[in-house]
Amino acid sequence: MNRLCLPLLFAATSLAGLLLTAAPSPVQAESTYVGTEACAECHEDQYNNFKQYAKKAKSAHSLQIMAPKLTKSELESCYGCHTTGYGKPGGFVSFEQTPHLADAGCEVCHGPGSEHVESGGDSTLIHNPELEECKTCHNEERVNNFGFRPLLHGGAH
């Protein structure tokens, strides 16, 4: 694969995992959000790829740049796709209160990770999203409004 394809492959990889829209499994219902940094120790390659190539790994910075140009309501409408767990128990609240959830990280797709971390990595405690779940954020309206391509994967996987 040539060098020009790699960034596209990595970008495509991170975008699939951007949204967990299905109701949490019974196991996940007890779990809380821990933030992407908590994934780094055991998932070093995926973490490094995500941080380097995925635009969503920098989504908090993008939101902070846009914030002065948006009303509070407009900004809050961005949080669902550009932060981790916004509007869900234990999810993103604000840049000040929950800075570790300010980017759209691993748990956007894989669900709250506290039980997975505490178990030492039990894979049954992590959600593996179906492509259909990604459409909450990666839908035709957003593609048209923001000019991004709906991609299958990006960054980590």
Side-chain angles (χ1 to χ4, degrees), residues 7-8 10-40 43 46-118 125-157:
L8 293 175
F10 288 121
T13 305
S14 67
L15 291 177
L18 289 181
L19 226 196
L20 172 64
T21 58
S25 69
V27 171
Q28 290 175 326
E30 301 298 320
S31 197
T32 58
Y33 291 95
V34 294
T36 299
E37 298 295 323
C39 306
H43 304 283
Q46 292 88 347
Y47 173 81
N48 289 335
N49 285 337
F50 176 74
K51 293 302 267 188
Q52 183 173 358
Y53 297 108
K55 290 181 181 181
K56 296 305 178 200
K58 300 157 189 67
S59 61
H61 179 70
S62 299
L63 285 175
Q64 289 172 320
I65 289 171
M66 292 297 298
K69 301 172 188 172
L70 301 173
T71 66
K72 181 181 178 186
S73 176
E74 289 171 329
L75 181 61
E76 288 175 354
S77 74
C78 300
Y79 289 159
C81 293
H82 291 273
T83 66
T84 298
Y86 178 71
K88 298 176 183 172
F92 177 82
V93 174
S94 69
F95 294 109
E96 297 76 28
Q97 291 179 338
T98 51
H100 65 293
L101 301 175
D103 290 318
C106 305
E107 295 167 292
V108 171
C109 300
H110 294 295
S114 65
E115 289 188 8
H116 172 72
V117 171
E118 291 165 10
L125 300 174
I126 288 296
H127 177 72
N128 291 307
E130 298 291 326
L131 182 59
E132 196 63 29
E133 295 173 66
C134 304
K135 291 182 181 178
T136 296
C137 288
H138 296 275
N139 57 48
E140 187 174 339
E141 177 185 0
R142 290 197 175 101
V143 169
N144 291 335
N145 288 340
F146 299 106
F148 68 80
R149 293 181 297 253
L151 302 171
L152 296 180
H153 303 285
H157 309 288

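In this chain, residues are counted from 1 in sequence order. Quantities reported herein were computed from a predicted structural model and do not represent experimental measurements.
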Derivation of the side-chain contact (heavy atoms from CB on, under 4.5 Å) call for Leu101 and Thr83: CA-CA 6 Å; Leu101 301 175; Thr83 66; 6.0 Å; no
Could you name each residue pair satisfying salt bridge (charged side-chain N to carboxylate O under 4.0 Å, His left out) that touches residues 73-84, not counting sequence neighbours?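 Only Lys72-Glu76 qualify under salt bridge (charged side-chain N to carboxylate O under 4.0 Å, His left out).
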Residue pair [X] / [Y]: nearest heavy atoms and the distance that separates them:
{"X": "Glu96", "Y": "Pro99", "value": "O-CD, 3.6 Å"}
{"X": "Ala102", "Y": "Phe95", "value": "CB-CD2, 3.8 Å"}
{"X": "Cys78", "Y": "Leu70", "value": "SG-CD1, 4.3 Å"}
{"X": "Val93", "Y": "Thr98", "value": "N-OG1, 2.8 Å"}

Listed partners of Ser114 passing side chain to side chain donor-acceptor pair (under 3.5 Å), at least two apart: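 In terms of side chain to side chain donor-acceptor pair (under 3.5 Å), with neighbours along the sequence ignored, Ser114 is linked to Ser31, Thr32.
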For Glu37, all residues meeting side chain to side chain donor-acceptor pair (under 3.5 Å), sequence neighbours excluded: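 Expected list: Tyr47.
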Kindly write out the residues that satisfy ring-ring contact (aromatic ring centres under 6.0 Å, His included) with Tyr86, not counting sequence neighbours, or none if the list is empty.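 Expected list: Tyr79.
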Sequence-distant partners of Glu130, side-chain contact (heavy atoms from CB on, under 4.5 Å), two or more places apart: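 Partners of Glu130 by the side-chain contact (heavy atoms from CB on, under 4.5 Å) criterion, ordered by chain and then number, come out as Glu133.
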Indicate every side-chain donor-acceptor pair of residues 58-67 with a distance under 3.5 Å to a residue at least two apart or in another chain.
from	atom 1	to	atom 2	distance (Å)
Lys58	NZ	Lys51	O	2.8
Ser59	OG	Lys56	O	3.0
Ser59	OG	His82	O	2.7
Ser59	OG	Ala104	N	3.0

Output the distance between atom [atom1] ([X]) and atom [atom2] ([Y]), rounded to the nearest 0.5 Å.
{"X": "Gln46", "Y": "Cys106", "atom1": "CD", "atom2": "SG", "result": "8.5 Å"}
{"X": "Lys88", "Y": "Glu107", "atom1": "NZ", "atom2": "CD", "result": "10.5 Å"}
{"X": "Ile126", "Y": "His110", "atom1": "CD1", "atom2": "NE2", "result": "7.0 Å"}
{"X": "His100", "Y": "Phe92", "atom1": "NE2", "atom2": "CZ", "result": "10.5 Å"}

Measure the distance from the SG of Cys137 to the SG of Cys81 and say whether it is below 2.5 Å.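 The answer is yes, since Cys81 and Cys137 bring their SG atoms under 2.5 Å apart.
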